[in-house]
Amino acid sequence: MLEAGRHLVPLDTLLAPGPLADLFVAQPRPLEPAENVALDAWVRGGGHLLLFADPLLTAESRFALGDPRRPADTVLLGPILAHWGLALRDAGKGRESAGTPFPVNAPGELTLLPGPVQDCRIEQAGLIAACRIGKGFVLIVADAALLEPAEGPEAASRAEALRTLMRRAFAR
């Protein structure tokens with residue numbers, strides 16, 4: 001689904017993303033302070049980021065606990081999100097799929113922090129945040145269920161929803 005028409009380069013660290021045009025990050029491990037600084041500088045310099053940050057991942061993983069390939073069960077991105085004027089919280093199970101543009105499962109809720117006006121729009125009752133940061137752009141989705149495997153018509157629907165998010169995040 002992600003590979004269609006794109007050359008993907010897996011990264012182990014965000015310390016030096018280099019000359020990437022687009023960055024897709026899904027359920028990352030907690031970032032080191034230097035990685036937060038590097039990611040912020042990369043976005044402010046014109047980078048475009050699509051970030052799936054799920055506060056309560058519900059998908060099963062084929063990787064054992066402790067395996068670095070295993071997605072984090074809960075995303076811990078408070079420092080970088082707060083730097084961008086956002087907070088992410090677990091919204092509880094009561095919001096499941098209610099009016100969302102794609103499948104969700106126990107989604108989080110993104111909110112703006114008090115303070116100076118940010119160039120961020122909160123959409124879909126907190127499921128999505130779209131932010132201009134410096135010369136760059138960040139699209140944050142507070143759930144990762146869209147990335148779970150699916151079959152048949154549901155797979156096609158999820159693929160189209162992901163393509164829509166990627167077009168939006170990576171538009172110039």
Side-chain angles (χ1 to χ4, degrees), residues 1-4 6 8 10-11 14 22-31 35-36 39 43 47-63 65 67-113 118-133 136-171:
M1 183 163 49
L2 288 175
E3 296 87 1
R6 296 191 179 274
L8 300 181
L11 299 174
L14 295 176
D22 303 326
L23 188 57
F24 182 103
V25 177
Q27 205 63 9
R29 61 172 169 69
L31 301 180
E35 288 178 299
N36 284 321
L39 180 59
V43 169
H48 286 225
L49 168 66
L50 175 56
L51 172 62
F52 284 84
D54 196 326
L56 183 61
L57 193 64
T58 56
E60 296 283 327
S61 177
R62 62 185 169 126
F63 301 110
L65 285 171
D67 188 317
R69 296 170 295 176
R70 181 185 176 98
D73 291 332
T74 184
V75 74
L76 300 172
L77 295 175
I80 190 68
L81 293 178
H83 186 66
W84 291 339
L86 297 165
L88 172 65
R89 68 178 185 90
D90 179 358
K93 293 194 179 244
R95 271 190 58 202
E96 311 234 359
S97 297
T100 60
F102 45 81
V104 297
N105 192 0
E109 182 178 13
L110 291 154
T111 58
L112 294 175
L113 293 173
Q118 298 89 11
D119 193 3
C120 287
R121 262 189 342 272
I122 302 297
E123 304 169 3
Q124 298 292 321
L127 177 64
I128 296 172
C131 303
R132 288 251 163 246
I133 299 170
F137 180 77
V138 177
L139 189 66
I140 304 167
V141 180
D143 190 80
L146 177 63
L147 304 176
E148 295 174 10
E151 296 179 7
E154 185 180 356
S157 169
R158 286 178 185 226
E160 181 54 34
L162 183 57
R163 279 191 296 273
T164 298
L165 288 170
M166 291 174 74
R167 278 191 302 269
R168 185 168 174 206
F170 305 140

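Predicted, not measured: the structure shown is a model, and the values here were computed from it.
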Interatomic spacing from CG in Leu88 to CD1 in Ile140 - rounded to 0.5 Å: 8.5 Å

Distance in Å, Leu139 CG paired with His48 NE2, rounded so as to fall on 0.5 Å steps: 11.0 Å

When the side chains of residues 79-86 are checked against the rest of the protein, which donor-acceptor pairs come out under 3.5 Å, sequence neighbours left out?
| residue | atom | partner | partner atom | Å |
| --- | --- | --- | --- | --- |
| His83 | NE2 | Asp40 | OD2 | 3.2 |
| Trp84 | NE1 | Asp40 | OD1 | 2.7 |

Any residue meeting side chain to side chain contact (heavy atoms under 4.5 Å, CB included) with Pro28, in chain and number order, not counting sequence neighbours: Val25, Leu51, Val75, Leu77

Side chain to side chain contact (heavy atoms under 4.5 Å, CB included) against Ala156, all qualifying residues, sequence neighbours excluded: none

Any donor-acceptor N/O pair, Thr74 side chain to Leu56 backbone, under 3.5 Å: no

Arg158 side-chain N/O to Glu148 backbone N/O, donor-acceptor pair under 3.5 Å: yes

Qualifying residues under side chain to side chain donor-acceptor pair (under 3.5 Å), relative to Glu35, sequence neighbours excluded: Thr13, Arg29

Separation of Asp22 CG from Leu50 CG (nearest 0.5 Å): 9.5 Å

Leu165 vs Phe24 side-chain heavy atoms within contact, under 4.5 Å: no

Residues in salt bridge (Lys or Arg N to Asp or Glu O under 4.0 Å) contact with Arg69, at least two apart in sequence or another chain: Asp67

Stepwise side chain to side chain contact (heavy atoms under 4.5 Å, CB included) check, Leu23 with Leu39: CA-CA 10 Å; Leu23 188 57; Leu39 180 59; 3.8 Å; yes

Side-chain heavy atoms of Leu162 within contact of Phe52, under 4.5 Å: yes

Salt bridge (Lys or Arg N to Asp or Glu O under 4.0 Å) against Glu123, all qualifying residues, sequence neighbours excluded: Arg121, Arg168

Those residues that, when tested against Arg70, pass side chain to side chain donor-acceptor pair (under 3.5 Å) (two or more places apart): none

Any donor-acceptor N/O pair, Gln27 side chain to Ala72 backbone, under 3.5 Å: yes

Close side-chain approach of Leu146 and Pro103, heavy atoms under 4.5 Å: yes

